[in-house]
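To keep things clear, I will list the structure first and then write my remarks on it.
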Amino acid sequence: MGEVDLRFWGKERGLGVRYPLVCHGLDAAAAVRVLWRGYVSSNVKARLSEALGLSEDETGAVLEFWAALHDLGKIVPAFQRQVEIPDGFADDGKSVAHQRASAWCVPGLLESQGYSGGKTGWARLAAQVLGGHHGRFEGLKPRLQLGEQHLPFHGLGAAQWQEERVRVATALRDVLAPGVPVSRGDRTAAVLVTGLVILADWLASQVGYITERLPFLPERGDAAGLEAFHAGSVEVIDRWVKWAGLSRLRLKPGGFKDDFPDFEPNELQGDLAEKLPGLVTGPGLLLLAAPMGMGKTEAALHAARLMGTAVGSSGVFVALPTMATSDQMFTRVAEYVARRGAGESSAALAHGMAWLRPVDEMLAEVVNAAAEVAGAEDTVVHSTEWLRGAKRPMLAGVGVGTIDQLLLSVLHVRHNSLRMFAVTNKVVVIDEVHAFDAYMRGLLSTLLKWLGECRVPVVLMSATLPSHVARELSAAYLGTDGGLEVPYPGWVYAERSGTSMVSAVTVEAEQKRTLGMDLVEVGTGDGGAVKRLPVLERELRPLAEHGGCGLVICTTVPEAQQTYDDLKEWSKQHDVELKLLHARFPVGQREAETQRVIDIFGKPVTEEARARRAKRRCVLVATSIVEQSLDIDADLVISDLAPIELLLQRAGRLQRHRLCDELRPLWALPGEDGRRRMVVLSGPEQDPRWLLARKAWLAIYPAANLVRAHRLLVARQTDGVRIPDDVQNLVDLGNPGVFPALDDELLEGFTDEELTRAAEALVQRQGAEVASVPDPPMRDLVEFSEHEVDETQARTRFNADSERLLPLFELPDGTVRVGSPTGDPLPELRQGRLALDEAKAVMSHVVPVHGSLVRGHGPQDRLPEPWASAWPLDELIALCHRVDAHGVVHEGVIGGRSLLLDKELGIVERR
């Protein structure tokens, strides 16, 4: 090969020296080699090898070569002139982004090396892969002319620049010795390759890594020098990959009892453990549908291990609806991996506020506990600083986070191909699938189509999954017109290949029970305000007299705050502890309150906890946040009317744990008919027109869904609701899907409300189609990243207009305090930034709110400078309270609304 000119630089910023472009290419190739051998799953390897028509080793070599070429477009005047154009090379004065130049230069180079050309050939697709290494694909014009006379016109320099690009590409080919793909182009596989190239580029671009390699730069760009440099890069990058936390998750083999030795499997768990191993022949979809408290999480983790082992997945990602539920699940999954893992594995919490969580401390606690279990001493589960960077948590071997993190991989955000690569490397487990609206289900359907096409094992879980949703989601994954029917309680497993399927496995629930969901009328006041207090005093009287734990669930935060206020005097008179939990508390306070609620209402596993529970006299007032994945048990549940599936979810908090049964007061025990009692606050049982006056409820739930729920419960006032026997039928009757069935007797008199609901659902589905990437296979890779939106503005939830408030308190002397009048002042900035511990301290006071609460906010509501320009404070809205000379705190005003941070109630809107 000809000698490469080392004056062409690829990295310079932050180094103080020019790092040769060809060396950076060899570093990226080395990163791909290490990742291919020790990180990329066998499943993804097989998918990519099939796409290229090569063996796994040959495929790895090809991908190394592509990664080495990713910055070839830096050999253009526009890039080199940022520092200095080498002597002898002319500056054409044009500008072109280097990633676009890579995409334009590569097709001809690869075709000259034997690659198939044309729109579907690997020469074009590989060029788009390399053009996409900054997270967004570049379009290639079908007839882009790159003859010698056209090069300057495109900003690629004169012939001498092209000659150097050819020399570099040839040298990289000679060092890496790749083969040539023999299959036609596969755009789905190309997306995954792009993610791998991006990851390799990130690893090889770290200042610390490059600094370590500087002493070993070759003196000449000849074969011997480049080969020696590449060999050293492979050795060094291996350590950096381990440092980053990029490794395969390995779990020990065994049965369900090996995974969870502390208890005997129930019918669902035992049936799954017995039958699933004989069914898994490749990537597949498992749907679990069972009542709350039936151990779906343990069943899903066991199944994920079996499914991942069968296909050679490298990790697992568990997705949940909210940050709070993700935090709780993180410790459960980490504890499982610490017990069952073999060797070292990385773990990451993935959601918008995860950087605030003490992940290291959370992991240390579960790992130390697991170390006490025989055989677990060799397991290490850790987090790394690198994995906490933006977009990186999904790359950990063990990931737990919000469903939003998964859905971003099918939205038009930068680096969505990296997210897709990270997802396809794992088994994906999605909990609480019923909690997603039509918009999110549309995005999830697109994601499942991609996961099915990429052969990723998937587990979906729900306690109240409508049949039409199960069919829709399973059809998306399987690539069929018709989906699967899921028995209740039970499970269904199918593979996209169609070689293995169980159409229905129904299990007997060992804990059958009948609920009396008693409709109790509550009145309304001015503006439709619900008058709960008289009913609550009556229904909670036995608790006040004899003890117990009660749960009151209100529809909105203001209603929960008002109900808590209304009950304060009553609770003092009867010596009842009163708690409040909703989403409008400062983050730190909400976490602390959630833990206190779990301590009171959670499973009492120790004798001390059982003794405390037996003496409890407590009422928790909350919103719907307690209905999702919060493991609490109440002797009595009182809930506002809600869609039937949500009422059933809330019923799952009613006398949930058998451990508590012998501790319950006599008034809470089932009556002679065996029914456990739940109270649903409603209205007159006749024509539910009264619902239309309850504006706060209708702002949250469609009127048609509330009408259905009300009428379904009216019909069951005598016989009650049998769990689990009645659940699926009730859920299906209460959830008709996008298209209305106007002849449904449940809707009699409410046709207009049903049409409104259906129209809103249809708008959401259409919105999801517009927002998401195309279904695979695409016509062109550029479709995967066109209409790019900023990740902070990407909508993973319909109408999820959310903002973050930072309560500030201005004292009479002009001092500004954070969180309270006695809080700390805003910390000083160092070089325009906050130290990490200071940022965490400030952000613990942030309150997430819906955008409607602060509509009309403007520049005047930003933090004062210089904090308004410092991350992570730059996106916060300042809620400024004035504290007068008497210590009285006055509410702040945002967008014409008066808001106050109350230490007991959270953010309160004053009217």
_Residues Asp238 and Lys242 bridged, charged N to O under 4.0 Å_ = yes
*Donor-acceptor pair, Glu472 side chain versus Gly483 backbone, under 3.5 Å?*
no
*Electrostatic pair Asp186:Arg47 at N-O distance under 4.0 angstrom*: yes
*Is there a donor-acceptor pair under 3.5 Å between the side chain of Asn425 and the backbone N or O of Ser41?*
yes
*With no hydrogens and no angle check, is any side-chain donor or acceptor of Glu138 less than 3.5 Å from a backbone partner on Gln99?*
no
*Any donor and acceptor pair, going by atom type alone, linking the side chain of Asp259 with main-chain N or O of Leu301 inside 3.5 Å?*
no
_Heavy-atom closest pair, residues Ser462 and Leu465_ = OG-N, 3.2 Å
_Side chain Ser313, main chain Gly315, donor-acceptor under 3.5 Å_ = no
_Working note: Arg765 + Glu769, criterion salt bridge (charged side-chain N to carboxylate O under 4.0 Å, His left out); need CA distance, chi angles, decisive distance, verdict._
CA-CA 6 Å; Arg765 292 307 298 263; Glu769 291 178 10; 5.8 Å; no
_Looking at every heavy atom in both Leu276 and Ala303, which two are closest together, and how far apart are they?_
CD2-CB, 3.6 Å
_Nearest heavy-atom neighbours spanning Ala28 and Ala204_ = N-CB, 3.9 Å
*Chi angles and distances behind the side-chain hydrogen bond (donor to acceptor under 3.5 Å, both in side chains) call for His382, Glu344*: CA-CA 8 Å; His382 63 99; Glu344 189 171 317; 3.1 Å; yes
*List the steps and the verdict of side-chain hydrogen bond (donor to acceptor under 3.5 Å, both in side chains) for Asp57 and Ser55.*
CA-CA 6 Å; Asp57 288 344; Ser55 69; 5.6 Å; no
*Return the set of residues passing side-chain contact (heavy atoms from CB on, under 4.5 Å) with Pro181 (not counting sequence neighbours), or none when no residue passes.*
Leu52, Val62, Trp66, Tyr115, Trp122
_Applying the ring pair (Phe, Tyr, Trp, His ring centres under 6.0 Å) criterion to His302, which one of Phe260, Tyr336, Phe256 satisfies it?_
Phe256
_Stepwise side-chain hydrogen bond (donor to acceptor under 3.5 Å, both in side chains) check, Asn416 with Ser409_ = CA-CA 5 Å; Asn416 53 0; Ser409 62; over 6 Å; no
*Run through Thr322, Asp404, Asp327, Thr402 and flag the one making a side-chain hydrogen bond (donor to acceptor under 3.5 Å, both in side chains) with His351.*
Asp327
*Atom CG in Leu411, atom CG in Leu406: separation rounded to 0.5 Å?*
11.5 Å
*Any donor and acceptor pair, going by atom type alone, linking the side chain of Ser314 with main-chain N or O of Tyr39 inside 3.5 Å?*
yes
*Is the backbone N or O of Gly282 less than 3.5 Å from a side-chain atom of Glu495, with the two atoms forming a donor-acceptor pair by type?*
yes
*Side-chain (Arg455) to main-chain (Pro283) donor-acceptor, under 3.5 angstrom*: no
*Could you list all the ring-ring contact (aromatic ring centres under 6.0 Å, His included) pairs where at least one residue sits in residues 432-467, not counting sequence neighbours?*
Tyr439-Phe798, Trp450-Phe784
_Val44 versus Thr424, closest heavy-atom pair with distance_ = CG2-O, 3.3 Å
*Between Arg496 and Glu453, is the closest basic N to carboxylate O distance under 4.0 Å?*
yes
*Show your reasoning for whether side-chain hydrogen bond (donor to acceptor under 3.5 Å, both in side chains) applies to Ser383 and Arg388.*
CA-CA 8 Å; Ser383 177; Arg388 294 172 197 168; 3.1 Å; yes
*Polar side-chain atom of Trp491 near backbone of Asp271 as donor-acceptor pair, under 3.5 Å*: no
_For Ala299 versus Leu272, what's the shortest heavy-atom pair and its separation?_
O-CD2, 3.6 Å
*Look at the side chain of Arg33 and the backbone N and O of Gly60, then say whether any donor-acceptor pair between them is shorter than 3.5 Å.*
no
_Using 0.5 Å steps for rounding, measure from the CD1 atom of Ile430 to the CG atom of Leu320._
10.0 Å
*Using the ring of each side chain (for Trp, its six-membered ring), is Trp240 parallel, tilted or perpendicular to Trp243, with breaks at 30° and 60°?*
perpendicular
*Under the salt bridge (charged side-chain N to carboxylate O under 4.0 Å, His left out) criterion, do Arg340 and Asp258 qualify, and how do the steps go?*
CA-CA 8 Å; Arg340 298 294 292 147; Asp258 297 300; 5.1 Å; no
*Checking salt bridge (charged side-chain N to carboxylate O under 4.0 Å, His left out) for the pair Glu298/Arg332: CA distance, chi angles, key distance, verdict?*
CA-CA 10 Å; Glu298 290 79 9; Arg332 293 178 68 182; 3.0 Å; yes
*Determine the minimum heavy-atom distance between Ser116 and Arg184, stating which atoms define it.*
CB-NH1, 3.3 Å
_Centroid separation under 6.0 Å, is that true for the rings of Trp202 and His415?_
yes
